[in-house]
Amino acid sequence: MKELVEVIAKALVEHPEEVAVTQKEEEHAIIVELKVAPSDMGKVIGRQGRIAKAIRTVVKSASSKCDKKVIVDIM
């Protein structure tokens, strides 16, 4: 999931070198944390959170094969 979020985020931002994605695995969930440059935050979130919601939807559908819930946090 980490790679998927990283590819999507780098395609959206102006400073792809500042995109950092970390993944933490817990008992029933996988937490993917996305950090971008402050100037790119609006591009990743989108108007009324539409882009962020779309990223979460894509990751959720990609993770349907595993039994864990995937949470995408944008820092």
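- Residues Ile71 and Ile55 are members of separate hydrophobic clusters, defined by side-chain heavy-atom contacts under 4.5 angstrom among Ile, Leu, Val, Met, Phe, Trp and Tyr.
- Considering all non-hydrogen atoms of both residues, Glu18 and Ala37 come closest at OE1-CB, 3.2 Å.
- To the nearest 0.5 angstrom, Gln23 atom CD is 7.5 Å from Met1 atom CE.
- Grouping the Ile, Leu, Val, Met, Phe, Trp and Tyr side chains by contacts below 4.5 angstrom, directly or via other members, places Val58 with Val13.
- In the hydrophobic clustering of ILVMFWY residues, with side-chain heavy atoms under 4.5 Å counting as a link, Val32 and Leu4 come out together.
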Output side-chain donor-acceptor pairs under 3.5 Å for residues 38-50, partner residues at least two apart or in another chain, one line each.
from	atom 1	to	atom 2	distance (Å)
Asp40	OD1	Glu14	N	3.3
Asp40	OD2	His15	N	3.1
Lys43	NZ	Glu14	OE2	2.5

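- Taking each heavy atom of Ile30 and Lys68 in turn, the nearest pair found is CG1-CD, 3.9 Å.
- Looking at Leu12 and Ile51, their side chains come closer than 4.5 Å, going by heavy atoms from C-beta outward.
- Between the NZ atom in Lys35 and the CD1 atom in Ile74 there is a gap of 13.5 Å [rounded to 0.5 Å].
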